[in-house]
Undergrad: 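Below are the structure tokens for one structure; questions will follow.
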Amino acid sequence: PLLGGCYAFQENKIEKFPVKSKAKGLTDRHLVYIYIKLPNNHILLHKRHPGDIWAGLYEPLLFEFPTPPTDNQILEKLSAIPDLLVSTLRLAAKGVRHNLTHRRLWIDFWIAESSHNVNLPGFIEISESLRDTKAAPQIIKKIYSSLETSTP
């Protein structure tokens, strides 16, 4: 019943329609998470803003780089945060790959122990034991899990 109004049928071009749009290219994003542990057994988490991946979910401090960062680049960004004094910094996961529809994420995850309690704008302080009560991206939950199994 629809053939009478079908342009492709009338022009004998059925095989050319619908026009398939070109697939979007896969872009790489390099994410570095800093999991800040405070002396009072609390951690700092940030709620992601709308307009990007994982909007409304909670995550540790995030630095994003256009290419894989060096340790010095990470340390520079971390030392630029006022009032944050890190006593211990250790790499917990490096180069964790996570694929999304049009993005390939490369994630490094660091644990920073602060020598004093600190308030960072836009972050909430929460007991580490309550961390899982805050919605987080699946890949971050997996990294949290791996931290628990690798801790002596």
Side-chain angles (χ1 to χ4, degrees), residues 2 5-38 42-82 84 86 88-114 118-152:
L2 300 176
C6 178
Y7 171 81
F9 180 75
Q10 291 171 1
E11 297 294 319
N12 199 22
K13 295 181 179 183
I14 295 172
E15 70 283 346
K16 296 185 184 213
F17 293 96
V19 176
K20 219 177 193 183
S21 60
K22 295 204 185 235
K24 286 185 179 180
L26 192 62
T27 58
D28 286 332
R29 290 177 72 173
H30 300 275
L31 310 178
V32 175
Y33 284 102
I34 310 292
Y35 185 81
I36 300 171
K37 296 174 93 171
L38 303 175
H42 285 191
I43 59 170
L44 297 176
L45 295 177
H46 178 262
K47 188 174 186 178
R48 289 191 64 96
H49 298 291
D52 197 4
I53 59 172
W54 306 324
L57 300 180
Y58 286 86
E59 66 185 0
L61 175 64
L62 171 66
F63 299 134
E64 188 166 348
F65 296 88
T67 59
T70 64
D71 291 354
N72 282 341
Q73 288 174 306
I74 295 165
L75 289 173
E76 281 176 26
K77 285 225 180 217
L78 196 55
S79 63
I81 298 173
L84 179 62
V86 174
T88 307
L89 181 66
R90 72 178 175 86
L91 181 63
K94 180 150 185 85
V96 175
R97 188 172 115 180
H98 185 68
N99 292 329
L100 301 174
T101 308
H102 301 301
R103 295 182 186 106
R104 184 174 37 228
L105 307 179
W106 298 97
I107 300 171
D108 294 346
F109 199 92
W110 294 77
I111 298 174
E113 293 187 22
S114 177
V118 63
N119 291 318
L120 295 182
F123 284 77
I124 62 165
E125 181 179 323
I126 186 171
S127 169
E128 190 170 22
S129 64
L130 297 175
R131 173 193 69 209
D132 294 336
T133 64
K134 296 295 182 187
Q138 274 311 117
I139 189 64
I140 298 300
K141 288 180 182 182
K142 284 182 184 177
I143 294 172
Y144 288 164
S145 263
S146 73
L147 297 178
E148 291 163 9
T149 59
S150 67
T151 307

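Quick note: residue numbers are just sequence positions, from 1.
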Undergrad: So, using salt bridge (Lys or Arg N to Asp or Glu O under 4.0 Å) as the criterion, who are the partners of Glu64 when residues are at least two apart?
TA: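 Testing Glu64 for salt bridge (Lys or Arg N to Asp or Glu O under 4.0 Å), a comparison that skips the adjacent residues, returns Arg29.
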
Undergrad: Who passes salt bridge (Lys or Arg N to Asp or Glu O under 4.0 Å) against Arg103, sequence neighbours left out?
TA: none

Undergrad: Quick one: pull up CG in Leu45 and CG in Leu57 and give me the separation to the nearest 0.5 Å.
TA: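 If we round to the nearest 0.5 Å, Leu45:CG and Leu57:CG are 11.5 Å apart.
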
Undergrad: Hey, mind stepping through His46 and Leu62 against side-chain contact (heavy atoms from CB on, under 4.5 Å) and telling me if it holds?
TA: CA-CA 9 Å; His46 178 262; Leu62 171 66; over 6 Å; no

Undergrad: Can you pull the salt bridge (Lys or Arg N to Asp or Glu O under 4.0 Å) pairs that have at least one residue in residues 130-143, sequence neighbours excluded?
TA: Arg131-Glu148

Undergrad: side-chain contact (heavy atoms from CB on, under 4.5 Å), that's the test. Do Trp110 and Arg90 meet it? Break it down for me.
TA: CA-CA 6 Å; Trp110 294 77; Arg90 72 178 175 86; 5.7 Å; no

Undergrad: Shortest non-hydrogen contact from Val118 to Ser114?
TA: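 Scanning both residues, the minimum pair turns out to be CG1-OG, 4.5 Å.
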
Undergrad: Can you name the residues that form a salt bridge (Lys or Arg N to Asp or Glu O under 4.0 Å) with Asp28, not counting sequence neighbours?
TA: Arg104

Undergrad: Determine whether Ile74 and Ile34 make a side-chain contact, defined as any pair of heavy atoms from C-beta on separated by less than 4.5 Å.
TA: yes

Undergrad: Looking at every heavy atom in both Pro69 and His30, which two are closest together, and how far apart are they?
TA: CD-CB, 4.4 Å

Undergrad: Mind listing the closest non-hydrogen atom pair of Pro50 and Ala55 along with its distance?
TA: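 Closest approach of Pro50 to Ala55: CA-CB, 3.7 Å.
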
Undergrad: Looking only at heavy atoms, which two atoms of Gly95 and Asp108 are closest? And how far apart?
TA: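 For Gly95 and Asp108, the tightest heavy-atom pair comes out as N-OD1, 2.7 Å.
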
Undergrad: Which heavy atom of Glu15 sits nearest to which heavy atom of Asn12, and what is that distance?
TA: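 Minimum heavy-atom separation between Glu15 and Asn12: OE2-O, 4.1 Å.
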
Undergrad: Should Ile139 and Leu105 be marked as a side-chain contact (heavy atoms from CB on, under 4.5 Å) after you check the CA-CA gap, both sets of side-chain angles, and the distance that decides it?
TA: CA-CA 10 Å; Ile139 189 64; Leu105 307 179; 5.5 Å; no

Undergrad: If you count heavy atoms of other groups shown closer than 6.0 angstrom to CG of Asn99, is the number above 12?
TA: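 For Asn99, atom CG is crowded (more than 12 foreign heavy atoms under 6.0 Å).
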
Undergrad: Working to the nearest 0.5 Å, report the span between CZ of Phe123 and CD of Glu59.
TA: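 Rounded to the nearest 0.5 Å, the CZ-CD separation comes out at 7.5 Å.
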
Undergrad: When you measure from the side chain of Gln10 to the backbone N and O of Tyr7, does any donor-acceptor pair fall under 3.5 Å?
TA: no

Undergrad: Look up atom CD1 in Ile36 and atom CG in Leu89, then write down how far apart they are to the nearest 0.5 Å.
TA: 10.0 Å

Undergrad: Let's go through Leu61 and Leu44 carefully: what are the C-alpha distance in whole Å and the side-chain angles of both, what is the deciding distance for side-chain contact (heavy atoms from CB on, under 4.5 Å) to 0.1 Å, and is it a yes or a no?
TA: CA-CA 8 Å; Leu61 175 64; Leu44 297 176; over 6 Å; no

Undergrad: Under the salt bridge (Lys or Arg N to Asp or Glu O under 4.0 Å) test, which residues partner Glu125, sequence neighbours left out?
TA: none

Undergrad: For Tyr35, check ring-ring contact (aromatic ring centres under 6.0 Å, His included) against everything at least two apart and list the hits.
TA: Phe109, Tyr144

Undergrad: For Asp52, is the CG atom crowded, meaning more than 12 foreign heavy atoms sit under 6.0 Å from it?
TA: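 Count over threshold, so yes.
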
Undergrad: Could you state the interatomic distance from SG (Cys6) to CD (Glu11), rounded to the nearest 0.5 Å?
TA: 10.0 Å

Undergrad: Is the shortest heavy-atom distance from the side chain of Ile140 to the side chain of Pro60 under 4.5 Å?
TA: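 Sidechains of Pro60 and Ile140: in contact.
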
Undergrad: Would you say Tyr58 and Ile124 make side-chain contact, with heavy atoms under 4.5 Å?
TA: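 Side-chain contact under 4.5 Å: yes.
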
Undergrad: Might you point out which heavy atoms bring Leu100 and Leu26 nearest each other, and give the distance in Å?
TA: O-CD1, 4.3 Å

